[in-house]
Participant: 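The structure follows.
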Amino acid sequence: MDGESGGHSAAAACHNEGVPIPSTIPDGAAPRFVLVATHAEGDSGVFDVHELRGEDPRTAQPSQKESLREGQEPAEESPAGVVLILDEALRPLTGPLSFSYEDIGDLVTWAEARALRWVWESTRYWYGMFLTDGMTVERCWDLGLCRTILSSSPATAGGGYAADARDAPAGDLDAAAPAGPEPGAQGSLFAAPAPRGASAQTVGREFAAQRAAVPRTTAGRKLELLLAAESAGALIAAEIRATGMPWSTRVHRALLEDQLGPRPPEGHRPQKLERVVEELRAALGAPKLNPDSPQELLRALHRAGIDAASTSQWELADHEHPALEVLERYKKLSRLFTSNGWAWLAMWVRDGKFWPDYTVGGVVTGRWSARGGGALQIPATVRSAVRADPGCKLVVADASQLEPRILAAMSRDEALAIASTGKDLYQAIANRGFGGDRASAKIVMLGAMYGQTSGDAGRLMPQLAKTYPQAVGLIEHAAREGEAGRNVSTFLGRGSPGPDDAFAAARRAANSLDATPADQSRADSIARSRGRFTRNFVVQGTAAEWALCWLGQVRLGIRRQLPDLSSRIVFFLHDEVMLHVPADQADEVVRIVHAAAARATELVFRSDLVETPVTVAVVDSYDQAK
DNA sequence: CTTCGTTGCGCG
DNA sequence: AAAGCGCGCAACGAAG
């Protein structure tokens, strides 16, 4: 794809583009990777880009330093790091080349013109720095994220990488790093997520070890796709973090005042919430009740003759009492106030943006997690505050009924694949074996993927298994493996974590000579619990892989077809993506989002028998989507 | 006083 | 006693 870049020589490119070029790159060499580290081994052999440009570094103009965000300023005059240019065989085409903050732009321009892949320990760190200067890159290899995947993947070559990584004690890797392994040794050399202290040599050895861990097999092909997708996800997470999600403080405040009343003084309830509390106290005959204490509340419920075992919504739905409607209203409003009220607004919204902080691969299944502000739990009640700028639109897309479709594709279940081609997967299932009853079809399908055995889901399972033997067989097998204490893997090769200590302890107890029936049933319970986890892991994890590929294809489509980069991904939530786009680009973005979904399915499954449609809405605010 | 586990509920 | 999966966050309340 980018092998064409070998066509122009480094020297020629230097003159054509007027950017610093490592003049040591021989003519005809084909650079493929830019390896980024904080320093070289020792100080010898480090060149400065200014020297290569024939400039004196002391007089070189700091071109973009001014635009760096405050607080991110590096120590004065200190270089940001070093790069090493490598070819496909990982041969260095340059010595370690030090760059400083003001050089980043030139460096990025040079590398991007050749479609090089950036190799670094942490995308969050390095790319975050690039982005503060407004520089973007197309592709990378995030060693930290890839290490996590490779360490647990059963698909690595000979399992060598996984074994080495397991041997390294988690806390000591940083300290152990300076000693380093024998040259050529494979394995994980350092694990600190921050790239501080990693030399170009160390980073290079790690990269070589990771590439060597990917076998030249079908499993290796899939693993490579996963590593690329995870790395692309890291780029996107960094870009979202730098862009922010448009958030209208005005709309949010209006919504809060409408539902809660004026903003209360610190430590007080808003008026309207206080009024509901009074109502609740009256309805329960408990004048001093603190409704925020589940214990107090439960006692008050009992005194009022409500025989509930807990105060959860689920439980209270089964009971009849005039106070319960009031309680539900209180819980809703209280939730809004405590989790997404004025305090939240002050904490997380700045400059008209909400700033999500994603952790790529933060969930064991490969889903992203997010810290701060509950970016993955934005309640429906405040979504109207997510608004496009004037002249812009939000494009909100979600992959409908994703998990059963993923199950159909990964299990190659022909009957379920056929069901995926209609408008509504659950209706199609309902029409084959469930008398057209969509609700039942949905319950049994979800129940199968989650391991539900009770109620309708359990009762209808045999029918589902008969109709879709491949699909049900796959998840049943995953469950059996988990129950036996073994690991499972997603379609692309992300391994599940092993059973925890409780699993092993319970099994030991159940197998001991003086085991009681209680020991046995406890061990069975824990084993079934792990079975439900591994059962769900394969589907949720593979769906996350598909979503990552989808997201990556959306990003690529935008970069290639709308290269002014004014259309941006601003939010991602498991199977849903939101873009903020100029209104006149909305139609094109919608096309890109659809095409990206189809492409993701081909990439992951090498088949288009299963359909993975996405529903797309072009709206002014988030609440208008679906 | 801080830390930590639990409850409850938001999201997929 | 068993329990449909994966998360993060606010608040409570017990423990240190």
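Values below: every heavy atom of this structure, side chains too, minus hydrogens, waters and symmetry copies. So you know, we letter chains A, B, ... as the sequences are listed, proteins then strands, and number each from 1.
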Participant: Can you tell me how far P in C/dG4 sits from the matching atom in B/dC4, rounded to whole Å?
Facilitator: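 It comes out at 31 Å once rounded to the nearest Å.
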Participant: Check every strand shown and say whether A/R530 touches a base, only sugar-phosphate, or nothing at a heavy-atom separation below 4.0 Å.
Facilitator: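 If one applies the 4.0 Å heavy-atom cut-off, A/R530 turns out to touch nothing in the nucleic acid.
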Participant: Specify the separation, in whole Å, of atom CZ of A/F337 and atom P of C/dC9.
Facilitator: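 That distance rounds to 19 Å.
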Participant: Quick check: do A/F571 and A/I240 have side-chain heavy atoms less than 4.5 Å from each other?
Facilitator: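 Side-chain contact under 4.5 Å: no.
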Participant: Counting the atoms with a prime plus P, OP1 and OP2 as sugar-phosphate, which does A/A457 contact under 4.0 Å by heavy atoms, base, sugar-phosphate, or nothing?
Facilitator: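 Counting heavy atoms under 4.0 Å across all strands, no contact is made by A/A457.
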Participant: Rounded to the Å, how far apart are A/D519 CG and C/dA1 C1'?
Facilitator: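 Whole-Å distance recorded here is 15 Å.
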Participant: So which nucleotide from B/dG8, C/dC12, C/dG8 ends up closest to the side chain of A/S312?
Facilitator: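 Ranking B/dG8, C/dC12, C/dG8 by closest atom to the A/S312 side chain puts B/dG8 first.
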Participant: If you check the A/S521 side chain, which of C/dA2, B/dG8, C/dC9 turns out closest?
Facilitator: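 Within the option list, the nearest is C/dA2.
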Participant: Answer with base, sugar-phosphate or nothing: what part of the nucleic acid does A/T365 contact at a heavy-atom distance below 4.0 Å?
Facilitator: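 No contact.
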Participant: With the threshold set at 4.0 Å, does a side-chain nitrogen-carboxylate oxygen contact exist between A/R253 and A/E257?
Facilitator: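 Salt bridge absent between A/R253 and A/E257.
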Participant: Indicate, with a heavy-atom threshold strictly under 4.0 Å, whether A/S529 touches base, sugar-phosphate, or nothing.
Facilitator: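 Counting heavy atoms under 4.0 Å across all strands, no contact is made by A/S529.
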Participant: How many Å lie between CD on A/Q520 and P on C/dA2, as a whole number?
Facilitator: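 Answer to the nearest Å: 12 Å.
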Participant: Can you tell me the Watson-Crick or wobble partner of C/dG4, both distances under 3.5 angstrom?
Facilitator: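 Because no pair has both required distances under 3.5 Å, C/dG4 counts as unpaired.
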Participant: Among C/dG4, C/dC12, B/dG8, which is the nearest nucleotide to the side chain of A/Y450?
Facilitator: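 Looking only at side-chain atoms, A/Y450 lies closest to C/dG4.
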Participant: Kindly point out which of C/dG13, B/dG10, C/dC5 is positioned nearest to the side chain of A/P379?
Facilitator: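 For A/P379, the side-chain atoms sit closest to B/dG10.
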Participant: Nearest to the side chain of A/D292, which nucleotide is it out of C/dG4, C/dA11, B/dG10?
Facilitator: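 Among C/dG4, C/dA11, B/dG10, the one nearest the side chain of A/D292 is C/dA11.
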Participant: A/E315 has an atom CD; how far is it from atom P of B/dT7, in whole Å?
Facilitator: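 So the two atoms are 13 Å apart, to the nearest Å.
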Participant: For A/G372, which contact category applies under a 4.0 Å heavy-atom criterion: base, sugar-phosphate, or nothing?
Facilitator: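 Sugar-phosphate contact only.
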Participant: Students often get this wrong, so: under 4.0 angstrom with heavy atoms, is A/I378 touching a base, only sugar-phosphate, or nothing?
Facilitator: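 The answer is sugar-phosphate, as A/I378 gets under 4.0 Å only of primed atoms, P, OP1 or OP2.
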Participant: Taking any heavy-atom pair under 4.0 Å as a contact, classify A/V364: base, sugar-phosphate, or nothing.
Facilitator: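 The residue A/V364 makes sugar-phosphate contact but no base contact.
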Participant: Does a distance-only test, which skips hydrogens and angles, find a donor-acceptor pair under 3.5 Å between the side chain of A/R367 and the base of B/dG12?
Facilitator: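 When only heavy-atom distances are counted, A/R367 does reach the base of B/dG12 through a donor-acceptor pair under 3.5 Å.
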Participant: Salt-bridged, A/D456 to A/R459, with N to O below 4.0 Å?
Facilitator: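 A salt bridge is present here (some side-chain N lies under 4.0 Å from a carboxylate O).
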Participant: What's A/R532 touching, base or sugar-phosphate or nothing? Going by heavy atoms closer than 4.0 Å.
Facilitator: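 The answer is sugar-phosphate, as A/R532 gets under 4.0 Å only of primed atoms, P, OP1 or OP2.
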Participant: Verify the contact: side-chain N or O of A/Q295 to OP1 or OP2 of B/dT6, cut-off strictly under 4.0 Å; return yes or no.
Facilitator: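 For B/dT6, neither OP1 nor OP2 has a side-chain N or O of A/Q295 closer than 4.0 Å.
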Participant: So what does A/A380 touch, heavy atoms closer than 4.0 Å: a base, only the sugar-phosphate, or nothing?
Facilitator: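 It contacts sugar-phosphate atoms only.
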Participant: Would one find a side-chain N or O of A/S525 under 4.0 angstrom from OP1 or OP2 of C/dA3?
Facilitator: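 No.
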Participant: What nucleotide, of C/dA10, C/dG6, C/dC12, holds the atom closest to the side chain of A/S293?
Facilitator: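 It is C/dC12.
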Participant: Any side-chain N or O of A/K331 below 4.0 angstrom from OP1/OP2 of B/dG8?
Facilitator: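 For B/dG8, OP1/OP2 do not have a side-chain N/O of A/K331 under 4.0 Å.
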Participant: On DNA chain C, does the nearest nucleotide to A/R522 precede the nearest nucleotide to A/N536 from the 5' side, or the other way round? Give the residue.
Facilitator: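 Result of the comparison: A/R522.
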Participant: Between the side chains of A/D357 and A/R124, is the shortest nitrogen-to-carboxylate-oxygen separation below 4.0 Å, so that they form an ion pair?
Facilitator: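 A salt bridge is present here (some side-chain N lies under 4.0 Å from a carboxylate O).
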Participant: Are OP1 or OP2 of C/dG6 and a side-chain N or O of A/S369 less than 4.0 angstrom apart?
Facilitator: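 For C/dG6, OP1/OP2 do not have a side-chain N/O of A/S369 under 4.0 Å.
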Participant: Rounding to an integer number of Å, can you tell me how far A/E328 CD sits from B/dG8 P?
Facilitator: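 From A/E328 CD to B/dG8 P: 15 Å.
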Participant: Using 4.0 Å as the upper bound for N to carboxylate O, is an ion pair formed by A/R269 and A/D292?
Facilitator: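 Judged by the 4.0 Å cut-off on N to carboxylate O distance, A/D292 and A/R269 do form a salt bridge.
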Participant: Measuring from the side chain of A/N290 (C-beta onward, heavy atoms only), which nucleotide among B/dG12, C/dC12, C/dG4 has the closest atom?
Facilitator: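 For A/N290, the side-chain atoms sit closest to C/dC12.
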Participant: Do NZ/NE/NH1/NH2 and the carboxylate oxygens of A/K331 and A/E328 come within less than 4.0 Å?
Facilitator: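 Salt bridge absent between A/K331 and A/E328.
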Participant: Please determine whether a side-chain nitrogen of the Lys or Arg among A/E483 and A/R480 lies less than 4.0 Å from a carboxylate oxygen of the Asp or Glu.
Facilitator: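 Yes, this pair counts.
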Participant: Just to be sure I understand the rule, does A/E403 reach a base, reach only the sugar-phosphate, or reach nothing, if contact means heavy atoms closer than 4.0 Å?
Facilitator: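 Here A/E403 touches no strand at all.
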Participant: Within the 4.0 Å heavy-atom criterion, would you say A/R535 contacts the bases, only the backbone, or no part of the nucleic acid?
Facilitator: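 A/R535: no heavy atom of the nucleic acid under 4.0 Å.
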